[in-house]
Amino acid sequence: MRRLQGRSPEPDDQGSGHSPRRGGLPAELNPFVGRHDDLAALGTLLEESRLVTVVGVAGVGKTRCAVRVASLVEKRYCHGVGVAELSGLGDPDLLEHAVVDALGLTDHTLRPPRKILLDHLADREVLLVLDGYEQHVGACADLVQALLRRAPRLRVLAAGRLPLRVDGEVLHPLAPMGDEDALELFAARAQALRPGFALTGAARETVRELCRRLDGIPLALELAAGRMRALAPEQILQRLDDRFRLLTGGSRSAPPRHQTLRTAIGWSHELCAPGERLLWARLSVFAGQFDLEAAEYICGGPDLPADTVLDVLDALLAQSVVVREDSPAGTRYRLLDTIREYGAQWLSAAGDAERLRRRHRDWFLGLATWCELDWFSPRQEVVAARIACELPNLRRAMECSLESSEEVHLAQYLAGTLWYFWVGCGRLAEGRFWLEHVLDEEAGHDPSRLKAQWVLGYVAVLQGDAIGAISALQACRDGAEQSGDEAAAAYAVHRTGCLALVTDDLARAEELLRDALARYRDVGELNSNVLMAQVELGMARLFQGDLEDAAANCREVAEICEDHGERWVRAYALYLLAFVALRQDRREQCRQMVLEALATGHRFHDLLGGAICLELLALLTVVEGDATEAAVLQGAASSIWPSVGVPVFDSAHYGTPRAECAGRARRALGDAAYDAAVRAGALLDFDTAVRRALAGGHPGPAEGFPPSEGCPPAKVPAPGETRRPAASRMTERGGPEL
């Protein structure tokens, strides 16, 4: 069988764009061992078939093989590889959202996630890896069938315990490892714990027998090798023999390998100390990754003091029960799916599952609340990374609260509190899903429901759904007046003003935004939303021709943002100041500010901010005399706009830079050259477009580019006239005072 090799990239592979970013191939934390024939066979099948499914028993290595094959053939797919890990999804309605996320897509429109996928994949050459779909096999099969029918260049590599049963599916049953591969795997993992260990003489035969008794199942081998820290191979084999006889209570009709895997896991469980077993069971409450602090709070108690959790967790890491993973949010941990399921059975048998689920829910309610406060601080990017990692747990927390009518308000609170993630980090579609879901349940007009309503209205505004926005915001305002919740009323008025702004009703927008800012001052509110209201007021003034007043508003915002370390709103303030600078022919200041705003928007994956910055940069570029590059940037922005929202796209005022740039560039280049440059720009994805812009019109480094290093921090020009900031002094309640 030939060895699998990735094809060399075609000349147009580089710079083709659209490569998935969020769900890319995970790094291998330990060496991949063996499976050469399986990898070669899977590579061949992917050349011949559009849907290949790796099937096998739990723990046989399906995920690892699928990801390894994807990494080997990645260069064949000019539009990239996406890996969707589906095992942590509790609600099948989130399946399509998870696949959207795996492909690195962000869409702010009302398009259903399936429509987003179909549109994106229609003419792209992509390999989509679907892992752990078993609990939602029907929904997954339906999605795969639809995608394959509508996206002729798409190929799917699935990994699960059972087939999808979709037309055209080719199965690759993944058998347990052969003797030599199993020996090599055990030795590699054992040597990581005991560097002097070697498969020589009697030890080799003992390990060979151990591998045979474990049927060559990689998970079982990993668990056995984890005991090499404390036991010799002969001792492991002896204890394994005892555990086999002890743990044979499964159904006689169950597949033998299922029994063997359960035996291996049960044997590892029995070898754990009581505290280790207890933590194992309690950790099963997490969905996906978790960190040490969460484990200490949720899993700690009188029988497992919080200050001992680290030591017990370290013991589970040593036994390969828990795996460590490095993430943008720092060091995190995870139970393999099969291990988690086994622990969940023990937790349920102990009658402690419900209590642990509530502790889990309470922790993530607190985390979301703390992160909302931290969003208005220098830790804004840390918050974004943290919440992205915790999303599976936050979903589980909302699901838990929705199970009881007495706790629905907690789900509403959590969905509303996450506004900064839904809006600030490009997750509008999933935010809309949860906000509507939690508001379907009645919980009275308490603050939690009102918050979810105004956040839903905000999301709907940015998605271009004026009717949905008005409905949610009016319901919030009515409820706020009924309950006397002045803060909720202020947010409802603010977002109604935002809707007026993006629909070009400027006089109404200014009236509502001034009203909202006054209400915020009255209740002592100061956060990113308040500052965004002032930026939006500046935009209303800018669009009405008052450049000085617009700039004064945003200079105040920029100063307050600097004081608090806020970057997201500051990017919008810089955009407006850059717009004013261009109108006043201060081109260098304009470029410096718009590039920083663009880089910041990219860090938060804010498509709206990115699109308007690219269009302003395109206008600046044509004013400076480079019509071709301006058209390329305009094309890049045009590929982003359909995922932002129709009213913003159709706004005459937001569209001014676009229209002016198009007129200038077309006159300079002629229709044919202009259209060709726009088409070239439209092929760039958001990442590539930002990289190009920060590099001054030339593609930047392909990997690891940090937008924050692409341009120096912009210095906000000193105002000719400075008004008092809307929040220059703080009241006793912590809010602004004029």
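Predicted, not measured: the structure shown is a model, and the values here were computed from it.
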>> Is any side-chain heavy atom of Arg124 closer than 4.5 Å to one of Leu154?
In response: no
> Should the pair Arg212-Asp179 be classified as a salt bridge under the 4.0 Å nitrogen-to-oxygen rule?
Replying inline: yes
> Can you check whether Leu347's main-chain N or O pairs, donor with acceptor, with Asp352's side chain at less than 3.5 Å?
Replying inline: no
>> Heavy-atom count check: over 12 atoms from other residues, nucleotides or ligands less than 6.0 Å from Arg355 CZ?
In response: yes
>> Under the rule for ring pair (Phe, Tyr, Trp, His ring centres under 6.0 Å), what residues qualify as partners of Phe32, not counting sequence neighbours?
In response: none
>> For Arg194, give me all partners under side chain to side chain donor-acceptor pair (under 3.5 Å), at least two apart in sequence or on another chain.
In response: none
>> Could you measure the distance from the CZ atom of Arg357 to the CG atom of Asp362? Nearest 0.5 Å is fine.
In response: 12.0 Å
> Are Arg165 and Asp167 close enough for a salt bridge, meaning some N to O gap below 4.0 Å?
Replying inline: no
> If we only count heavy atoms from C-beta on, is the Phe197 to Val207 side-chain gap below 4.5 Å?
Replying inline: yes
> Out of Val60, Leu185, Ile217, which one pairs with Met177 under the side chain to side chain contact (heavy atoms under 4.5 Å, CB included) rule?
Replying inline: Leu185
> From Arg208 CZ over to Arg204 CZ, what is the distance, rounded to the nearest 0.5 angstrom?
Replying inline: 5.5 Å
>> Working to the nearest 0.5 angstrom, can you tell me the gap between His360 NE2 and Leu365 CG?
In response: 10.5 Å
> Counting distance only, does the side-chain N/O of Arg277 pair as donor-acceptor with the main-chain N or O of Cys272 below 3.5 Å?
Replying inline: yes
> Does atom CD of Glu85 have more than 12 heavy-atom neighbours, drawn from other residues, nucleotides or ligands, at distances under 6.0 Å?
Replying inline: no
> Which distance, rounded to the nearest 0.5 Å, do you find between the CG of Asp685 and the NE2 of His79?
Replying inline: 9.5 Å
>> I want to check something: taking the side chain as every heavy atom from C-beta on, are Val382 and Asp374 in contact at a cut-off of under 4.5 Å?
In response: no
> Hey, what do you get for OH (Tyr333) to CD (Gln289), rounding to the nearest 0.5 Å?
Replying inline: 11.5 Å
>> Quick check: closest heavy atoms across Ser49 and Val52, and the distance to 0.1 Å?
In response: CB-CG2, 4.2 Å
>> I'd like to check Val99 versus Pro113 (side-chain heavy atoms, cut-off strictly below 4.5 Å). Are they in contact?
In response: no
> How far apart are the closest heavy atoms of Thr53 and Leu164, and which atoms are they?
Replying inline: OG1-CD1, 4.3 Å
> Taking the six-membered ring of Phe290 as reference, does the NZ or CZ atom of Arg332 fall below 6.0 Å from its centre and within a 45° cone about the axis?
Replying inline: no
> Strictly by modelled atom types, are Asn393 and Glu390 linked by a side-chain donor-acceptor pair under 3.5 Å?
Replying inline: yes
>> Distance check, rounded to the nearest 0.5 Å: Leu210 atom CG versus Leu237 atom CG?
In response: 6.0 Å
> Step by step, would you call Leu103 with Leu121 a side-chain contact (heavy atoms from CB on, under 4.5 Å)?
Replying inline: CA-CA 10 Å; Leu103 292 173; Leu121 295 171; 4.0 Å; yes
> Between Gly160 and Lys62, what is the shortest heavy-atom contact and its length?
Replying inline: O-CD, 3.1 Å
> With a 4.0 Å cut-off, would you call Glu125 and Arg155 a salt bridge?
Replying inline: no
> His605 versus Phe686: any side-chain heavy-atom pair under 4.5 Å?
Replying inline: yes
